[in-house]
Amino acid sequence: MFDIVIIGAGPAGGSAALFAAKAGKKTLLIDNDKSMTKRAWMENHYGIMEISGPDLIEIGKKQAAKFGAELVADQVSNITKTEQGLLVETAEKGSFEAKHVILATGALVTLAEAIGVKTKEGSEPRIKTVVDVDAQGKTNIEGIWAAGTCAGVSVHTIITSGDGAKVAINVISEMNGERYVDHDVLKTN
């Protein structure tokens with residue numbers, strides 16, 4: 001069983017997977033390779049002079065994998081509650097059990113709506129519907145969280161990345177029973 005399954009490897013999902021894996025949580029990142037970030041060019045992402053969307057996503061996946069996140073290329077078709085947690089079903093690679101799921105599906109909320117997650121009207125241009133989450137990123141279904149554009153934050157990659165990290169930290173904190181903080185320190189000679 002995975003501690004955390006993240007659906008979507010765009011900036012929100014990739015960032016959530018990075019934080020979850022680095023915190024030592026058994027993490028699975030499932031991606032259908034349809035992120036709108038794949039079409040982006042960024043010169044407004046702090047700490048990066050310029051980068052293409054495909055490169056940003058690829059680096060994010062590599063960072064998460066570096067800390068042990070497993071990556072699966074597939075489309076999630078359903079999520080159901082089980083006695084132990086949640087069952088995440090995919091179109092081709094089978095099913096995966098998880099204690100927590102983070103939806104990071106970008107502009108799409110089709111999966112969320114299909115599994116009974118409450119949605120509401122979006123506020124971003126062209127994003128008509130978003131997942132209804134609380135300040136921590138929790139949805140109305142126990143164990144299911146949402147981050148990034150699908151959770152109503154700005155489509156800018158710097159913002160969705162931060163939201164993915166925030167939601168992952170909240171999941172990790174809940175799992176640990178105390179606030180989780182991850183600060184790396186500059187190594188000196």
Side-chain angles (χ1 to χ4, degrees), residues 4-23 25 27-69 71 73 100-112 117 119-139 144-174 179-186:
I4 305 172
V5 170
I6 297 126
I7 302 168
S15 184
L18 169 58
F19 271 79
K22 193 166 182 280
K25 303 303 178 192
T27 304
L28 175 65
L29 180 58
I30 303 173
D31 188 53
N32 65 8
D33 200 33
K34 295 179 182 173
S35 172
M36 64 180 157
T37 304
K38 296 281 261 192
R39 300 184 311 267
W41 176 257
M42 288 145 289
E43 294 184 34
N44 62 351
H45 198 108
Y46 181 80
I48 299 171
M49 289 302 292
E50 57 188 38
I51 192 167
S52 73
D55 286 344
L56 183 72
I57 291 171
E58 200 54 39
I59 290 168
K61 287 180 185 178
K62 286 178 182 174
Q63 286 177 297
K66 171 185 172 183
F67 293 106
L71 302 148
H100 296 271
V101 170
I102 300 174
L103 301 173
T105 54
L108 303 176
V109 295
T110 314
L111 174 64
V117 170
T119 58
K120 63 183 183 180
E121 188 175 324
S123 60
E124 283 285 297
R126 297 182 301 280
I127 309 295
K128 296 188 183 328
T129 308
V130 297
V131 174
D132 190 2
V133 296
D134 68 11
Q136 284 72 46
K138 290 183 179 184
T139 72
I144 299 180
W145 308 64
T149 302
C150 75
V153 302
S154 172
V155 299
H156 295 90
T157 59
I158 191 77
I159 296 170
T160 59
S161 295
D163 195 57
K166 176 196 85 172
V167 172
I169 287 169
N170 290 335
V171 175
I172 296 161
S173 297
E174 185 171 294
R179 187 71 181 155
Y180 174 76
V181 177
D182 177 9
H183 287 294
D184 293 325
V185 177
L186 187 63

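In what follows, residues are counted from 1 in the order of the sequence shown.
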- Quick one: list whatever passes side-chain contact (heavy atoms from CB on, under 4.5 Å) with D182, sequence neighbours left out. F19, K22, Y180, D184
If you look at every heavy atom in [X] and [Y], which pair is closest and at what distance?
| X | Y | answer |
| --- | --- | --- |
| A20 | I4 | CB-CD1, 3.7 Å |
| T160 | S154 | CG2-O, 3.1 Å |
| I102 | A16 | CD1-CB, 4.1 Å |
| A17 | L29 | CB-CD2, 4.0 Å |
| T37 | P11 | OG1-CD, 3.3 Å |
| Q63 | F67 | O-CD1, 3.3 Å |

Any side-chain heavy atom of [X] within less than 4.5 Å of one from [Y]?
| X | Y | value |
| --- | --- | --- |
| Q136 | E174 | no |
| D31 | L71 | no |
| V167 | K138 | no |

- Audit row: M42, I48, side-chain contact (heavy atoms from CB on, under 4.5 Å) steps and yes/no: CA-CA 8 Å; M42 288 145 289; I48 299 171; over 6 Å; no
- Counting only heavy atoms not in H45, do more than 12 fall under 6.0 Å of its NE2? yes
- Residue R126 excluded, over 12 heavy atoms near CZ under 6.0 Å: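 For R126, atom CZ is not crowded (no more than 12 foreign heavy atoms under 6.0 Å).
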- Those residues that, when tested against K128, pass side-chain hydrogen bond (donor to acceptor under 3.5 Å, both in side chains) (two or more places apart): none
Roughly how far, to the nearest 0.5 Å, is the [atom2] atom of [Y] from the [atom1] atom of [X]?
| X | Y | atom1 | atom2 | value |
| --- | --- | --- | --- | --- |
| H156 | D163 | NE2 | CG | 14.5 Å |
| D134 | W145 | CG | CH2 | 7.5 Å |
| T129 | E121 | OG1 | CD | 8.0 Å |
| I6 | L28 | CD1 | CG | 8.0 Å |
| N44 | E50 | CG | CD | 12.0 Å |
| T157 | Y46 | OG1 | OH | 14.5 Å |

Taking [X] for the side chain and [Y] for the main chain, is one N or O donor matched with an acceptor at less than 3.5 Å?
| X | Y | answer |
| --- | --- | --- |
| T27 | K25 | yes |
| T139 | I144 | yes |
| T105 | L108 | yes |
| K66 | L18 | no |
| S161 | I158 | no |

- Can you sort out the partners of K38 under salt bridge (Lys or Arg N to Asp or Glu O under 4.0 Å), two or more places apart, ordered by chain and number?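 Result, salt bridge (Lys or Arg N to Asp or Glu O under 4.0 Å) vs K38: D33.
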